[in-house]
Participant: 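Before anything else, here's the structure in question.
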Amino acid sequence: MAKSVPGGWNPKHWVNLVPTGLGEVKPHHFREMFRAAWENRDQLGYAWRILRDGCCDGCALGTTGMKDWTMPGTHLCMIRLNLLRMNTMPALDHTLLEDISRLEGKSGRELRNLGRLPYPMVRRKGEKGFRRITWDEALDLAAERIRRTDPERIAFYLTSRGLTNEVYFVANKVARFLGTNHIDNAARLCHAPSTVALKKAIGYGATTISYSDWIGTDLLILVGTNLANNQPVATKYIYYAKKAGTRVIVVNPYKEEGLERYWIPSVTESALFGTRIMDEFFQIGTGGDAAFFNGALKHLVETGKLNDSFIREHTAGFEEVRRFVSELPWEELEKSSGTTREEMRRFAEIYADANSSVTVWSMGVTQHRNGTNNVLSIANLALALGRIGKPHSGLCPIRGHSGVQGGAEMGAVPDSYGMDRPVNEETAKAIGKLWGFPVPDKPGMKASSMIQAAHGGKLDVLYSIGGNFLETLPDPQYVREAIARVSLRIHQDIVLNPQMLVEPGDPEGLVLLLPGRTRYETPGGVTETTTERRVIFSPEIPGPRIGETRTEWEIPMQIAERVHPDRAHLIHFDNTAQIREDISRTVPAYDGIQRLREKGDNFQWGGPLLCEGYKFNTPDGRARFHIARLPEESLPEGRFILSTRRGKQFNSIVWGEHDSLTGAKRDEIFFSRQDANRLGLKEGDPVLLRSESGEYRGRVKIARIRPGNLQVHWPEGNVLIPYERFDPDSGEPDYNAVVEAIPLRNEETGGETEADDVPASATGS
């Protein structure tokens, strides 16, 4: 740890005196641990070796085995235990896929639980299902179609479902080898605004601190995030931070139960009596981040509480931002932020009075049409007080997947061949010389644009390594239509998902299922990059191997070799060690990855503290302020702004129908008591939400959410989200919608309702 933490117990941080929170709405960790053990009872030895020796494939906090570099002791959370069965489960019965009608209507969870994909399979337009084929047939089918397709009509998408740096890098190289820059990854759906904004501000698209900087900072500010659900081990960092004197501030439209109090199972004191997490709560409206942080900066400007010497010596662009915030009327900031000027000023005073601060944010900040501006407003405030580049101070866009930090840095994005290797003519020449073949020099399509191109009949090949656009993107009906229009879809994955079952609409349409292996099944081991920029080696774990699965980096490489057999040697790797050698040559910041060989081997690119000594990765070494504009939309009278939230799930992987953190069921819609009373609704009442793109029927849950705001679970609520709304700077989808809430009367007794044409479930327009 970076700072010594007082020993002993501190009752002032306890939730109550009831042992283990008996009777509270909370996760039942020990019961769920037993359930995870029971699920893996047929492979307990293998499961244990994965936990003991592997690098966690859950969120991006990162471990080696069950240890990390921040805290002593064992670190094991329910996310990792829930994911464990995907690594140990047996193969599915592939004959189930011979008739898709038997699987239609099943949820992603039900399909996943059928087991691992064991063999390559193919389905053609008009066929009722898939048939098993050999790997040679599968590779030849893919190669033949790709060979006769214009590279501008080929696209690659990689999710971060346990994918590793090696897979991302090989996919990057394969896409360019085939002549396309249309490649993207799951970060486009979560933290793309963070990357864009931070590169503009400091020259790096990554967190500037280490987790150890949380422990001992004066302020830990959590914005638009719910760590207890998505990165539960982070609550243990907060436990130690509070013991060291850190004050925790939460800025959010909803007062998350898991950020108010939590029971940390691996800390005896917390497991028994719980830990009070937040010290201050600032409730803003959905999408109100830019206004809130601009308001805080406006107050610091008005009161002169700025770090003038830091601004003068280490930054540029402040005068323009100073004028911008000074001219913003408080009335406009209040309307846009959803809170009062007094609250913005109170936050600013707390911020200014601290000597150090770490700001952590997640998708509540980024998944907006104004996402990049939201992040810029956070960065501006930190720069105004010199809170970047020194210990216990910095910016931390916390990653939800173990692979997304490395995905873009490995070049699995349309505008970069690798970190600090932008797609342009000059870099293309350098990369072409390094790799031995020409690469395209114009930026490609982002994930959102790929689906739009597919919908418009402009995409012939979509190669998805992992991924399920049908459940992760807005407007599922639009997405279904789009992917059906792609003549060749390649789904490389370890389990089934609903997107695979969409029948191709093209008369020559073809769907290939290519079964991959997990990171733990990869000979030679693999690496991942954590939120704190730590590159960690994860060794191969001895255990069972499923059917005819192949390692995930090999499959795209083998297809590319068959597309252009005359130059196959230029894309070939024998093993992951060779891939890491190539990474070190292509991405200079990753020099050192080629030396990672054993469990525990790791390095942190950029060092523990980015921009240390106020040296920023910009042409002149200065950080840059940028105007963070407010969103232009206004809420019509009587309507609500709706956003999506996570429940008992890991990203799009839903584990259960009941969220033990909030007590909510998947179909419950979070209403403030004020809004519910205005509509004559009470807890449990049926209600219809209607947006421009679809309808959703659920039940009322009275929650501590700001009036005028609603929340539904994701991905179920995606039916309400219009598709063609993206952050213009980053391509991030806007996962918010303006909705009407219509009470449904006497629904269960068949009486009249207040809505016409009420759907049986969520429907798209």
Side-chain angles (χ1 to χ4, degrees), residues 27 32-33 35-36 39-40 47 50 54 56-61 76-89 92 103 106-117 157-164 185-191 226-233 258 362-363 367 398-404 407 464-473 476 479 491-501 515-516 518-520 528 552 644-662 664-667 712-718 735:
E32 293 202 14
M33 289 177 195
R35 179 188 55 77
E39 283 183 346
N40 291 278
I50 289 172
C56 176
D57 58 346
C59 77
L61 298 185
L76 182 60
C77 73
M78 286 313 306
I79 287 178
R80 192 175 185 192
L81 288 176
N82 283 327
L83 287 170
L84 190 57
R85 188 54 178 164
M86 291 179 66
N87 296 293
T88 67
M89 68 169 60
L92 62 77
L103 302 176
K106 289 187 179 293
S107 67
R109 182 184 179 194
E110 291 170 321
L111 292 174
R112 183 175 68 247
N113 288 340
L114 292 174
R116 292 273 302 278
L117 290 169
Y157 177 77
L158 293 84
T159 192
S160 45
R161 179 263 310 141
L163 296 187
T164 63
N185 70 81
R188 187 70 54 198
L189 309 185
C190 51
H191 267 300
N226 184 11
L227 299 173
N229 185 80
N230 300 309
Q231 298 95 358
V233 170
S362 193
M363 289 177 284
Q367 286 186 333
I398 194 164
R399 301 290 191 168
H401 269 302
S402 63
V404 285
S464 296
I465 302 180
N468 180 8
F469 283 138
L470 200 59
E471 290 190 338
T472 55
L473 284 175
V479 175
H491 297 286
Q492 177 181 317
D493 214 326
I494 62 173
V495 293
L496 277 176
N497 70 56
Q499 178 174 281
M500 299 173 179
L501 307 184
T518 71
R519 63 172 56 181
Y520 307 116
E528 76 156 72
E552 299 233 68
T644 58
R645 64 173 292 106
R646 310 302 183 264
K648 188 173 179 59
Q649 63 191 104
F650 174 61
N651 297 288
S652 63
I653 300 175
V654 177
W655 303 121
E657 297 302 310
H658 176 267
D659 180 8
S660 53
L661 280 171
T662 64
K665 296 178 181 177
R666 299 290 307 178
D667 69 339
V712 294
H713 286 102
W714 179 86
E716 293 90 337
N718 284 351
Y735 283 90

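What you see is a predicted model; the values in this text were computed from it and never measured. Counting from 1, the numbers follow the sequence of the chain as shown. Hydrogens, waters and symmetry mates play no part in the numbers below; they use all other heavy atoms, side chains included.
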Participant: Check this for me: does any side-chain nitrogen of one of Lys648 and Glu657 sit under 4.0 Å from a carboxylate oxygen of the other?
Facilitator: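 Salt bridge between Lys648 and Glu657, a charged N being under 4.0 Å from a carboxylate O: no.
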Participant: With rounding to the nearest 0.5 angstrom, report the CG to CG distance, Leu114 to Leu103.
Facilitator: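 Interatomic distance, Leu114 CG to Leu103 CG, rounded to 0.5 Å: 6.5 Å.
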Participant: Keeping His191 on the side-chain end and Ile398 on the backbone end, is there a donor-acceptor pair under 3.5 Å?
Facilitator: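 Side chain of His191 to backbone of Ile398: a pair is present.
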Participant: Go through Leu83 and Ile653 one step at a time and tell me if the side-chain contact (heavy atoms from CB on, under 4.5 Å) criterion holds.
Facilitator: CA-CA 9 Å; Leu83 287 170; Ile653 300 175; 4.1 Å; yes
Participant: Quick check: closest heavy atoms across Asn651 and Gly400, and the distance to 0.1 Å?
Facilitator: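 Looking at all heavy atoms of both residues, the closest pair is ND2-O, 3.4 Å.
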Participant: Tell me the closest heavy-atom pair linking Met363 and Cys190, and the distance in Å.
Facilitator: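 Smallest interatomic distance, heavy atoms only, reads SD-CB, 3.3 Å.
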Participant: Ala47: which residues meet the side-chain contact (heavy atoms from CB on, under 4.5 Å) condition with it, sequence neighbours left out?
Facilitator: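 Applying side-chain contact (heavy atoms from CB on, under 4.5 Å) to Ala47 gives Asn40, Leu84, Thr88.
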Participant: Does Gly647 offer a backbone N or O that forms a donor-acceptor pair with the side chain of Gln649 under 3.5 Å?
Facilitator: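 Here the side-chain-to-backbone pair exists.
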Participant: Mind checking what makes salt bridge (Lys or Arg N to Asp or Glu O under 4.0 Å) contact with Arg666, not counting sequence neighbours?
Facilitator: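 Once residues adjacent in sequence are excluded, the partners of Arg666 under the salt bridge (Lys or Arg N to Asp or Glu O under 4.0 Å) criterion are Glu716.
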Participant: Is any side-chain heavy atom of Cys59 closer than 4.5 Å to one of Asn230?
Facilitator: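 Not in contact.
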Participant: Taking side-chain hydrogen bond (donor to acceptor under 3.5 Å, both in side chains) as the test, write out the residues that go with Tyr520, two or more places apart.
Facilitator: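 Tyr520: side-chain hydrogen bond (donor to acceptor under 3.5 Å, both in side chains) contacts with Asp57.
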Participant: Going by side-chain hydrogen bond (donor to acceptor under 3.5 Å, both in side chains), name the residues that satisfy it together with Asp493, two or more places apart in sequence or in a different chain.
Facilitator: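 If we apply the side-chain hydrogen bond (donor to acceptor under 3.5 Å, both in side chains) test to Asp493, skipping adjacent residues, the hits are Arg161.
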Participant: Evaluate the side-chain contact (heavy atoms from CB on, under 4.5 Å) criterion for residues Leu501 and Leu111: first the C-alpha distance (whole Å), next the side-chain angles of each, then the deciding distance (0.1 Å), finally the verdict.
Facilitator: CA-CA 10 Å; Leu501 307 184; Leu111 292 174; 4.0 Å; yes
Participant: Apply salt bridge (Lys or Arg N to Asp or Glu O under 4.0 Å) to Arg80 and list each qualifying residue two or more places apart in sequence or on a separate chain.
Facilitator: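 Arg80 satisfies salt bridge (Lys or Arg N to Asp or Glu O under 4.0 Å) with no other residue.
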Participant: Suppose we screen for side-chain contact (heavy atoms from CB on, under 4.5 Å). Which residues come up paired with Pro232, at least two apart in sequence or across chains?
Facilitator: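 Partners of Pro232 under the side-chain contact (heavy atoms from CB on, under 4.5 Å) test: Cys77, Ile79, Tyr262.
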Participant: Listed by chain and number, what are the side-chain contact (heavy atoms from CB on, under 4.5 Å) partners of Ala60, not counting sequence neighbours?
Facilitator: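 Residues passing side-chain contact (heavy atoms from CB on, under 4.5 Å) with Ala60: Arg399, Thr531.
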Participant: Tell me, please, which residues at least two apart from Thr472 pass side-chain contact (heavy atoms from CB on, under 4.5 Å).
Facilitator: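 Listed in chain order: Leu189, Phe469, Ser652, Trp714.
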Participant: How would you list, by chain and number, every residue that makes a ring pair (Phe, Tyr, Trp, His ring centres under 6.0 Å) with His401, sequence neighbours excluded?
Facilitator: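 Here the qualifying residues are Phe650.
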Participant: Is there side-chain contact between Leu163 and Ile465, with heavy atoms separated by less than 4.5 Å?
Facilitator: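 SC-SC contact between Leu163 and Ile465 confirmed.
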Participant: Decide yes or no on side-chain contact (heavy atoms from CB on, under 4.5 Å) for His713 and Arg646, but give the supporting numbers first.
Facilitator: CA-CA 6 Å; His713 286 102; Arg646 310 302 183 264; over 6 Å; no
Participant: For the OG atom of Ser402 and the CG atom of Leu61, what is their distance to the nearest 0.5 Å?
Facilitator: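 Atom-to-atom, Ser402:OG and Leu61:CG are 10.5 Å apart.
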Participant: Going by side-chain hydrogen bond (donor to acceptor under 3.5 Å, both in side chains), name the residues that satisfy it together with Arg35, two or more places apart in sequence or in a different chain.
Facilitator: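 Arg35: side-chain hydrogen bond (donor to acceptor under 3.5 Å, both in side chains) contacts with Glu39, Asn82.
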Participant: Can you tell if the side chain of Asn226 reaches within under 4.5 Å of the side chain of Arg645, non-hydrogen atoms only?
Facilitator: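 Yes, close enough: below the 4.5 Å cut-off.
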Participant: Do side-chain atoms of Arg519 reach the backbone of Cys56 as a donor and acceptor pair under 3.5 angstrom?
Facilitator: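 Yes.
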Participant: Just verifying a value: how many Å separate His491 NE2 and Ser464 OG, rounded to the nearest 0.5 Å?
Facilitator: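 So the NE2 of His491 and the OG of Ser464 are separated by 6.0 Å.
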Participant: What residues form a salt bridge (Lys or Arg N to Asp or Glu O under 4.0 Å) with Lys665, not counting sequence neighbours?
Facilitator: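 Lys665 satisfies salt bridge (Lys or Arg N to Asp or Glu O under 4.0 Å) with no residue once adjacent residues are dropped.
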Participant: For the residue pair Asn718 and Glu471, establish whether any side-chain heavy-atom pair is separated by less than 4.5 Å.
Facilitator: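 In short, these two side chains do not touch, never coming nearer than 4.5 Å.
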Participant: If we only count heavy atoms from C-beta on, is the Leu496 to Leu92 side-chain gap below 4.5 Å?
Facilitator: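 Touching, per the 4.5 Å side-chain cut-off.
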Participant: Could you tell me if the side chain of Val495 sits less than 4.5 Å from the side chain of Arg112, heavy atoms only?
Facilitator: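 When only atoms from C-beta onward are counted, Val495 and Arg112 do touch, with a gap below 4.5 Å.
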Participant: Yes or no on side-chain contact (heavy atoms from CB on, under 4.5 Å) for Thr518 and Met86, after CA distance, side-chain angles and deciding distance?
Facilitator: CA-CA 9 Å; Thr518 71; Met86 291 179 66; over 6 Å; no
Participant: Can you list everything that forms a side-chain hydrogen bond (donor to acceptor under 3.5 Å, both in side chains) with Gln492? Sequence neighbours excluded, please.
Facilitator: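 Gln492 satisfies side-chain hydrogen bond (donor to acceptor under 3.5 Å, both in side chains) with Tyr463, Glu552 once adjacent residues are dropped.
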Participant: Given the rule in the side-chain hydrogen bond (donor to acceptor under 3.5 Å, both in side chains) test, do Glu110 and Asn113 qualify, once you have shown the distances and angles that lead to the verdict?
Facilitator: CA-CA 5 Å; Glu110 291 170 321; Asn113 288 340; over 6 Å; no
